[in-house]
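All figures in this text were calculated on a predicted structure; none of them were measured in a lab. Below, read A as the first sequence line, B as the second, and so on, with proteins coming before strands; counting in each chain starts at 1. FYI, side chains are in, hydrogens and waters are out, and symmetry mates aren't considered; it's all heavy atoms of this structure.
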Amino acid sequence: MMKIIKVNEDVCVLCHLCEIACIVEHSESKDILKVFKREKPRPIARCAVEEDKPLSFSLMCRHCDDAPCVKACSNGSMHRDERGYVVVDEETCIGCWMCIMVCPYGVIRRDERRQKWNLSTKCNMCPDRDIPACVEVCPNEALVLGDVVECT
Amino acid sequence: MHIVILGNSTVAVAAVEAIRSIDNMENKITVVSNEPFFTYSHPLLPNYLVGEVEEDEEKFSYRRKGFYEQNKLNTILGDAAVFIDKNAKTVELKSGKEIAYDRLIVATGGIPIVPPMEGVNLENVFTFTNLTEVKKFKTALPNIKKCVVVGGGLIGTRLTEKLSIYGVETYLIELLERLVVLALDDYGAGLIRKELEKAGGHIITGDSVKSILGEKKVCGVKLASGKEISCDAVAIAIGVRPNMDIAKNAGLEVGRGGVITDEYMRTSDPNIFSGGDIVETYDLTSNQRRSIPILPIAYAQGEVAGLNILNREVKFKGGFPMNSMKIGGIEFISMGTVNPEKDAEIIERKYDNGDYKKFIIKNNCLSGAIFIGDIEKAGMFNWMIKERFNVKRIKDYFLKEDFGWKYFDRDTRNLRISRQLK
Ligand SMILES: Cc1cc2nc3c(=O)[nH]c(=O)nc-3n(C[C@H](O)[C@H](O)[C@H](O)COP(=O)(O)OP(=O)(O)OC[C@H]3O[C@@H](n4cnc5c(N)ncnc54)[C@H](O)[C@@H]3O)c2cc1C
């Protein structure tokens with residue numbers, strides 16, 4: 001069964017390490033110092049921490065079964081990869097934001113730094129890793145990899 | 001079973017993907033289109049016109065290369081369907097060919113509305129809904145210095161922007177007093193107008209084109225106000241209507257907004273399904289059946305049609321208009337009914353940085369929203385409209401810059417985030 005990143009707001013310590021790990025993982029060098037000192041443009045974090053003290057939690061793409069972003073994409077860039085996760089084909093994405101318009105979680109970001117075409121940016125479940133970077137770095141299991149218990 | 005699909009665009013692709021997701025390639029699928037092209041992205045046509053994207057680029061296609069082969073599709077491209085015999089279960093093509101089907105999906109989309117006026121048949125009068133037409137426009141473009149765009153809706157404004165930036169002196173003529181009437185309010189439309197003018201466009205509202213002037217080729221237009229504008233091309237972009245003659249002639253039930261289907265996207269004939277720009281859709285925000293010609297709805301309906309052909313009993317319960325657009329420096333997303341009747345509650349705010357948000361609430365349900373600038377959370381509101389979420393306790397937070405799941409009650413938030421609440 002496909003696993004997603006589960007979010008536990010009760011144990012989030014508001015450290016933002018998930019966002020940092022995400023940026024590093026999706027960078028050219030994958031080296032924290034190089035990324036934050038030299039890489040331009042620096043990747044956009046694909047998870048975002050929401051806070052309203054004492055509440056805090058990190059949220060990223062839920063990889064919906066019935067993903068509205070895939071269906072609304074104007075040219076097939078938003079698609080499901082071999083693992084079953086919803087990912088963007090960066091080569092073809094034109095940044096029309098149709099995916100943002102329908103994402104029921106509000107977790108797709110705009111990257112407007114490319115020369116010609118904008119780019120939708122979202123969690124891709126770290127295709128180069130077994131455990132996503134944000135989950136691995138989370139110090140308190142506020143993000144864990146787990147099975148989806150589907151709604152009825 | 002032989003499934004025949006008339007059309008090669010959003011609905012067709014969605015139906016194919018739905019069918020192939022469950023049928024182990026057991027059914028034979030034939031896709032028929034009057035246009036001879038690989039499935040392409042209609043929203044990219046304005047970019048294609050001015051050379052920002054070429055026909056052979058992957059991003060112009062609606063699906064990646066190999067889509068037809070991977071899905072084992074039989075394709076007949078460049079031959080129009082001309083008649084459906086629903087009793088014999090056959091489709092006749094323009095070439096004279098006849099195809100027998102077990103199930104048919106009629107997905108012939110929309111056709112441009114062309115007002116009956118003098119001069120519409122002159123050379124250099126273009127419509128803007130398919131690649132065949134836009135190719136003609138593109139071929140003529142290097143020799144066009146001045147163009148009149150008729151209609152200030154979503155396509156007309158985009159076209160005006162692209163043409164102006166390209167260097168064509170462009171006049172946009174809109175009958176109503178403001179632009180993008182269906183998707184924006186006065187404030188939003190005003191911003192769009194400014195952006196178009198910044199790009200060099202000339203915007204004329206509250207007037208209409210009465211006739212197109214010229215002998216063989218366009219040389220100008222005459223407006224209802226009496227004013228004349230000289231130009232060497234006219235682009236008609238006042239909207240689309242359902243391309244449903246073929247359905248009507250087959251004896252399928254049709255309404256004003258298009259072909260009538262049930263929630264399974266089945267037409268009045270049990271073997272014929274439909275969806276997309278050709279059908280009448282139930283609008284969840286205005287509670288009316290009407291034409292809502294947008295891509296996300298076309299996809300959703302095509303998918304439902306495909307699944308129900310394989311007896312999955314999936315319903316399409318309704319949709320609502322939604323659009324995402326960028327004109328000049330303005331990005332906006334609008335959804336639902338944004339110009340409400342008097343009894344609706346309106347929450348709106350203009351932010352210091354120029355952003356704007358507006359929410360329309362009726363009976364504790366969100367029925368429309370406009371986002372200008374800060375659009376990234378727009379989809380959450382789309383979900384609230386679709387699910388008729390009771391916004392009584394959350395609406396006070398709608399205008400917050402950091403709106404998010406944190407403002408929902410704990411249970412709703414956690415059920416949603418863990419995907420246990422639709
Ligand atoms: C310029 C432009 C910009 C747009 N931008 C947006 C946007 O930003 N967002 C959005 O949501 N929507 C947008 N749309 C609308 C969107 O493209 C349509 O809603 C969607 O493509 C509808 O899909 P469809 O399959 O119903 O029909 P269509 O896409 O219209 O396709 C109809 C198909 O039927 C074929 N056909 C027609 N007649 C016959 C026949 N007799 N026999 C065989 N085949 C036939 C056509 O060749 C075509 O393949 C835009 C449309 C245009 C034209």
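Proximity to chain B involves both the backbone and the side chain of A/Lys71, based on heavy atoms less than 4.5 angstrom apart. With a 4.5 angstrom heavy-atom cutoff, A/Asp89 touches chain B only via side-chain atoms. Using a 4.5 Å cut-off between heavy atoms, A/Asp10 touches chain B through its side chain atoms alone. At a 4.5 Å heavy-atom cutoff, the contact between A/Ile4 and chain B is made by side-chain atoms alone. Interface remark: A/Cys99 contributes no atoms to any contact with chain B (heavy atom separation under 4.5 Å). At a 4.5 Å heavy-atom cutoff, the contact between A/Cys73 and chain B is made by backbone atoms alone.
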Would you be so kind as to tabulate the donor-acceptor pairs closer than 3.5 Å made by side chains of residues 315-328 of chain B, with sequence neighbours excluded?
unit_1, atom_1, unit_2, atom_2, d
B/Ser324, OG, A/Cys96, O, 2.5

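A salt bridge links A/Arg110 with B/Glu331: the closest approach of a Lys/Arg side-chain nitrogen to an acidic carboxylate oxygen falls below 4.0 angstrom. Contact check on A/Glu91 versus B/Lys59 returns no salt bridge, with no Lys/Arg side-chain nitrogen under 4.0 Å from an Asp/Glu carboxylate oxygen.
Scanning both residues, A/Gly106 and B/Met380, for their nearest heavy atoms gives N-CG, 3.8 Å. Between A/Pro104 and B/Trp405, the shortest heavy-atom contact is O-CZ2, 3.3 Å. Here the closest heavy-atom approach between residue B/Ser41 and residue A/Ser74 is recorded as OG-O, 2.8 Å.
Under the 3.5 Å distance criterion, the side-chain polar atoms of A/Tyr105 are matched with a main-chain donor or acceptor of B/Arg416. A donor-acceptor pair under 3.5 Å is absent between the side-chain atoms of B/Lys377 and the main chain of A/Val107, judged by distance alone.
Here A/Arg62 contributes atom CZ and B/Ile417 contributes atom CD1; the two are 7.0 Å apart, rounded to the nearest 0.5 Å. With rounding to the nearest 0.5 Å, the separation of CG in B/Asn382 from CE in A/Met101 is 7.0 Å. Here the CD1 atom belonging to B/Ile333 is positioned 6.0 Å from the CD1 atom belonging to A/Ile100, to the nearest 0.5 angstrom. Atom OG of A/Ser77 and atom CZ of B/Arg64 lie 5.0 Å apart (nearest 0.5 Å).
Residues from residues 20-53 of chain A that place a non-hydrogen atom less than 4.5 Å from a non-hydrogen atom of chain B comprise A/Glu50, A/Glu51, A/Asp52, given in numerical order.
When the side chain to side chain donor-acceptor pair (under 3.5 Å) test is applied to B/Asp374, the partners found at least two apart in sequence or on another chain are B/Lys357. Residues satisfying the ring pair (Phe, Tyr, Trp, His ring centres under 6.0 Å) test with B/Phe398, not counting sequence neighbours, are B/Phe359, B/Phe381, B/Phe403.
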